[in-house]
Amino acid sequence: MDLGIAGKWALVCAASKGLGKGCAEALVREGANVVITARGAEALEATAAALRALNPAVQVRAVAGDITTEAGRAAALAACPQVDILVNNAGGPPAGDFRDWSRDTWIAALDANMLAPIALIKATVDAMAERQFGRVVNITSAAVKAPYEALGLSNGARTGLTGFVAGLARQQKLASRNVTINNLLPGPFDTERLRSNTATIAQKGGQTFEALWESRRKSNPTQRFGDAREFGAMCAFICSAHTGYMTGQNVLMDGGSYPGTF
Ligand code: NAP
């Protein structure tokens with residue numbers, strides 16, 4: 001299937017590794033030009049080089065910076081001639097007990113996982129509407145549908161974004177002009193973050209990493225973790241020319257972990 005996005009410009013945030021990188025790869029394969037961001041310049045440049053090798057016909061620009069700051073977002077937007085596709089992503093907040101979290105802890109989580117995506121949506125959707133094409137995908141978490149007890153910061157901040165998006169996506173001036181805003185909810189994907197989280201939880205519980213990793217794998221109906229490439233493929237499809245009639249949705253990719261009928 002031709003996704004119909006060759007030549008479009010995509011801003012993919014937090015994309016030197018993991019799920020963001022998977023999304024950038026899939027978009028580049030489809031012929032989209034990309035601006036990718038991350039804080040660490042070295043890994044970001046390596047990913048940019050790999051993306052250029054994947055499809056020499058597209059433009060790939062790398063902007064090092066913190067997407068949770070105004071300066072980081074301004075630099076990312078300045079590198080993109082126009083934003084046709086916006087993939088919102090950032091690091092997830094730490095696990096812990098809400099009794100230990102201060103107002104500053106909460107503000108940091110809200111900045112990363114709610115307010116940064118909203119600021120980028122604000123900066124881009126009206127121009128998308130004028131051009132009669134726009135796709136926004138927010139990488140959130142399966143925790144929005146079924147909260148993880150230890151990830152209260154993530155549960156709270158991402159659910160705030162989800163509620164906001166549910167209202168905004170249905171604005172007639174966006175939806176009627178082929179601008180869609182959807183959320184992509186990862187369950188357990190084999191990335192650096194999942195491995196480091198698993199190592200932390202294993203250490204706290206007096207388990208080995210291997211034992212916990214194996215039990216997590218076996219607890220998934222597919223008997224495996226997700227691969228960032230399959231996450232990226234789903235993202236690219238949601239960003240395609242074929243999805244103008246799907247907006248305000250939460251697409252769960254968790255190997256069937258969530259037990260509900262809907
Ligand atoms: P990852 O493998 O650790 O990759 C995170 C990427 O984001 C890196 O490129 C990192 O580069 C970049 N990044 C982090 N903070 C950033 C910031 N403030 N500004 C710009 N770039 C930033 O993580 P992942 O597993 O792909 O997770 C991506 C998102 O999905 C996270 O929010 C995570 O909580 C969520 N999620 C993941 C899973 C999973 O199973 N993997 C499940 C549910 C939800 P730098 O560190 O160099 O900035």
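Just the heavy atoms: all of them, side chains too, but no hydrogens, waters or symmetry mates, feed the values below. In each ligand, atom 1 is the first atom listed, and ligand 1 is the first ligand listed.
Within the model, atoms CD1 of Ile5 and CG of Asp84 stand 10.0 Å from one another, a figure rounded to the nearest 0.5 Å. Rounding to the nearest 0.5 Å gives a distance of 11.0 Å between CG of Leu185 and CD of Gln249. Distance check, rounded to the nearest 0.5 Å: CD of Glu192 to NZ of Lys17 gives 4.0 Å. Taken from CE in Met253 to CE in Met234, the straight-line distance is 4.5 Å, to the nearest 0.5 Å. Lys8 contributes atom NZ, which lies 12.5 Å from atom CG of Leu3 (distance to the nearest 0.5 angstrom).
For atom 36 (N) of ligand 1, the closest non-hydrogen atom on the protein side is Pro186 CG, 3.9 Å. Looking at atom 40 (O) of ligand 1, its nearest protein heavy atom turns out to be Phe189 N, 2.8 Å. Annotation: atom 47 (O) of ligand 1 to nearest protein heavy atom, Gly40 N, 2.8 Å. Shortest contact from atom 23 (O) of ligand 1 to any protein heavy atom: Arg193 CB, 3.4 Å. Remark: minimum distance from atom 46 (O) of ligand 1 to any protein heavy atom is reached at Arg39 NH2, 2.9 Å. The protein heavy-atom contact nearest to atom 18 (N) of ligand 1 is Asp66 OD1, 2.8 Å. Among all protein heavy atoms, the one lying closest to atom 28 (C) of ligand 1 is Asn89 OD1, 3.5 Å. Nearest protein neighbour of atom 31 (C) of ligand 1, counting heavy atoms only, is Ala90 O, 3.2 Å.
Below 4.0 Å from some heavy atom of Leu194 lie the following atoms of ligand 1, by number and element: 40 (O). Each of the following atoms of ligand 1 lies closer than 4.0 Å to a heavy atom of Leu19: 26 (O), 30 (O), 37 (C). Of all the atoms in ligand 1, the ones that sit under 4.0 Å from a non-hydrogen atom of Ser16 are 8 (C), 9 (O), 11 (O). Near Thr140, the atoms of ligand 1 lying under 4.0 angstrom from a non-hydrogen atom of the residue are 35 (C), 44 (C). Within the listing of ligand 1, atoms 2 (O) sit less than 4.0 angstrom from a heavy atom of Glu192. Here is the list of ligand 1 atoms found below 4.0 Å of a heavy atom in Ser141: 43 (C), 44 (C). Near Gly65, meaning under 4.0 Å from any of its heavy atoms, are these atoms of ligand 1: 19 (N), 20 (C). Taking a cut-off of under 4.0 Å to the non-hydrogen atoms of Gly18, the atoms of ligand 1 that pass are 2 (O), 26 (O).
With hydrogens and angles disregarded, a donor-acceptor distance shorter than 3.5 Å links the side chain of Arg193 to the backbone of Gly92. Put simply, the side chain of Arg135 never gets that close to the backbone of Ile85: no donor and acceptor are under 3.5 Å apart. Between the side chain of Arg73 and the backbone N or O of Thr68 there is at least one donor-acceptor pair closer than 3.5 Å.
Residues passing the side-chain contact (heavy atoms from CB on, under 4.5 Å) test with Ala211, sequence neighbours excluded: Gln207, Thr208.
Looking only at atom types and distance, the side chain of Thr105 has a donor-acceptor partner in the side chain of Ser102 under 3.5 Å away. Using modelled atom types, one finds no donor on one side chain facing an acceptor on the other under 3.5 Å when comparing Thr140 with Asn183.
In terms of N/O distances under 3.5 Å, ligand 1 is not approached by Ile139. On a distance-only criterion, Thr68 and ligand 1 share no N/O pair closer than 3.5 Å. Geometrically, ligand 1 and Gly92 share a nitrogen or oxygen pair separated by less than 3.5 Å. At a 3.5 angstrom cut-off on N or O pairs, Gly91 counts as close to ligand 1.
Under the 4.5 Å side-chain criterion, counting only non-hydrogen atoms from C-beta, Ile181 is in contact with Val125. For the pair Val87/Cys235, a side-chain contact is recorded, criterion being any heavy-atom separation below 4.5 Å from C-beta on.
The proximity of Arg158 to ligand 1, defined as any non-hydrogen pair under 4.0 Å, is limited to the side chain. Of the heavy atoms in Pro188, only backbone atoms (N, CA, C, O) come closer than 4.0 Å to ligand 1.
When the heavy atoms of Lys21, Arg195, Lys17 are ranked by distance to atom 4 (O) of ligand 1, first place goes to Lys17. The closest non-hydrogen atom to atom 2 (O) of ligand 1, taken over Asp111, Thr47, Thr191, comes from Thr191. Of the candidates Gly187, Cys13, Ala14, Gly187 brings a heavy atom nearest to atom 38 (C) of ligand 1.
Not a single heavy atom of Ala43 sits under 4.0 Å from any atom of ligand 1.
Under the 4.0 Å criterion applied to side-chain N and carboxylate O atoms, Arg217 and Glu214 are assigned as salt-bridge partners. A salt bridge is absent between Arg195 and Glu210: the closest approach of a Lys/Arg side-chain nitrogen to an acidic carboxylate oxygen does not fall below 4.0 angstrom.
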